Amino acid sequence: MKPLPRSFYERDTVTVARDLLGKVLVHGERRARILEVEAYLGENDPAAHAYRGLTPRTRVLFGPGGHAYVYFVYGMHHCLNVSAEPPGRAGCVLLRAVEGVSGPARLTRAFGVTLDHYGADLTRGPLAILDGPPSARIETTPRIGITKAAELPLRFVGRDKGSPRDFSVPATDLPFYYRR
DNA sequence: GTCACGATTTGT
DNA sequence: CAAATCGTGACG
């Protein structure tokens with residue numbers, strides 16, 4: 001599979017978020033399908049970092065889409081986002097889970113993503129996202145762990161038949177790390 | 001310069 | 001439910 005092209009990312013943030021489900025996150029030898037994401041809009045979304053406008057930290061969000069927006073939180077965790085929208089408009093997608101790894105901070109830890117990857121071009125390079133089968137069954141829910149604009153339905157979870165998150169399958173039939 | 005706070009995780 | 005732990009952004 002090839003990396004997704006710039007044109008994939010420079011679209012409406014919510015569209016990019018939904019289309020990212022099923023795509024493959026790759027870093028070196030590590031690969032896994034993306035299973036859960038959240039959309040963070042631009043300056044109109046109180047929960048988004050870009051809400052405060054262009055700052056040193058949010059710089060990458062206002063540039064071209066398809067770049068890594070990594071930030072450090074709680075003095076110990078890293079979270080990985082994918083920038084969306086064309087240059088000049090902010091918007092990004094938080095990667096919350098991939099196959100075998102639930103939780104945004106666990107995901108970065110598992111894939112060795114740190115602030116060193118801030119701004120990395122995901123259409124090429126060691127850290128990238130490859131094309132993959134789109135998710136045919138997507139569950140939409142409010143975003144997790146935020147206080148502002150918490151009611152907006154911007155969290156998307158792939159629930160495809162046969163996938164690790166196909167909840168129609170009894171949890172006891174799944175490998176340990178897929179349960180819950 | 002100072003200060004409150006957070007898109008989380010882990011343990012009690 | 002609370003601690004861990006520090007960069008960011010607002011304010012002055």
Side-chain angles (χ1 to χ4, degrees), chain A residues 9 11-23 25 27 30 32-85 88-120 122 127 129 135 138-159 164-165 171 174-180:
Chain A
Y9 299 101
R11 300 178 294 160
D12 166 75
T13 303
V14 172
T15 302
V16 173
R18 297 175 63 95
D19 287 357
L20 234 23
L21 295 173
K23 299 298 179 284
L25 176 67
H27 189 207
R30 282 192 158 285
R33 293 183 64 204
I34 295 170
L35 301 181
E36 177 186 347
V37 300
E38 277 177 0
Y40 283 86
L41 313 182
E43 287 147 303
N44 295 317
D45 179 4
H49 291 168
Y51 183 60
R52 308 288 178 186
L54 204 171
T55 67
R57 183 174 64 155
T58 62
R59 176 179 55 76
V60 69
L61 295 177
F62 291 83
H67 291 262
Y69 169 57
V70 183
Y71 69 91
F72 186 60
V73 269
Y74 297 112
M76 60 186 95
H77 298 304
H78 295 279
C79 288
L80 171 62
N81 295 250
V82 174
S83 69
E85 307 279 346
R89 285 224 303 276
C92 63
V93 179
L94 170 68
L95 269 40
R96 295 194 61 90
V98 297
E99 278 179 316
V101 187
S102 279
R106 288 179 167 201
L107 187 159
T108 54
R109 195 178 56 184
F111 275 73
V113 174
T114 68
L115 284 181
D116 289 346
H117 298 94
Y118 181 93
L122 300 174
L127 181 62
I129 297 180
S135 194
I138 300 175
E139 179 182 2
T140 302
T141 83
R143 292 176 292 189
I144 291 177
I146 58 174
T147 56
K148 291 163 290 190
E151 69 295 347
L152 297 181
L154 295 175
R155 171 171 172 262
F156 306 101
V157 187
R159 304 274 195 212
R165 292 209 163 194
L174 299 172
F176 174 75
Y177 48 80
Y178 285 158
R179 304 222 186 130
R180 199 171 54 158

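Each chain gets a letter, A, B and so on, in the order the sequences are listed, and its residues count up from 1. Values below: every heavy atom of this structure, side chains too, minus hydrogens, waters and symmetry copies. Everything quoted here is computed from the prediction, not taken from an experiment.
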Under 3.5 Å on both distances, the Watson-Crick or G-U partner of B:dA7:
none

Using the P atom on both, measure B:dT2 against C:dT5 and round to a whole Å.
23 Å

Derivation and outcome, side chain to side chain contact (heavy atoms under 4.5 Å, CB included), residues A:Tyr69 and A:His49:
CA-CA 11 Å; A:Tyr69 169 57; A:His49 291 168; 2.6 Å; yes

For DNA chain C, which residues of residues 143-150 of chain A approach it to below 4.0 angstrom with any heavy atom?
none

Taking A:Glu139 as the fixed residue, which of A:Arg155, A:Arg18, A:Arg159 is the one that meets the salt bridge (charged side-chain N to carboxylate O under 4.0 Å, His left out) rule?
A:Arg159

Hey, does A:Ala47 reach any base, or is it just sugar-phosphate, or nothing, if we go heavy atoms under 4.0 Å?
base

Under a 4.0 Å heavy-atom criterion, DNA chain B is touched by chain A from B:dG6 to B:dT10

DNA chain B: A:Arg106 or A:Cys92, which has the more 5' nearest nucleotide?
A:Cys92

Any strand counts, and the cut-off is 3.5 Å on both contacts for Watson-Crick or G-U wobble. Which nucleotide pairs with C:dT5?
none

Would you sort out whether A:Leu127 and A:Leu25 count as a side chain to side chain contact (heavy atoms under 4.5 Å, CB included), showing the intermediate values?
CA-CA 8 Å; A:Leu127 181 62; A:Leu25 176 67; 4.2 Å; yes

Applying side chain to side chain contact (heavy atoms under 4.5 Å, CB included) to A:Val70 and A:Thr108, what does each step give before you reach the verdict?
CA-CA 9 Å; A:Val70 183; A:Thr108 54; 5.6 Å; no

Heavy atoms only: give me the nearest A:Cys92-A:Asn81 pair and the separation to one decimal.
SG-OD1, 3.5 Å

Tabulate atom names and distances for all N/O pairs under 3.5 angstrom spanning the protein and nucleotides 6-8 of chain C.
unit_1	atom_1	unit_2	atom_2	d
C:dT8	O3'	A:Arg57	NE	3.3

Think A:Arg143 forms a cation-pi with A:Tyr40, using NZ or CZ under 6.0 Å from the six-ring centre and within 45 degrees of its axis?
yes

Test side chain to side chain contact (heavy atoms under 4.5 Å, CB included) applied to A:Phe156 and A:Val14, step by step
CA-CA 9 Å; A:Phe156 306 101; A:Val14 172; 3.8 Å; yes

Which atoms form the tightest heavy-atom contact between A:Thr13 and A:Ala90, and what is the distance?
OG1-O, 4.5 Å

Contact check, side chains of A:Tyr9 and A:Ile129, non-hydrogen atoms, under 4.5 Å:
yes

Minimum side-chain heavy-atom gap A:His117-A:His27 below 4.5 Å
yes

Could you tell me if the side chain of A:Val82 sits less than 4.5 Å from the side chain of A:Val37, heavy atoms only?
no

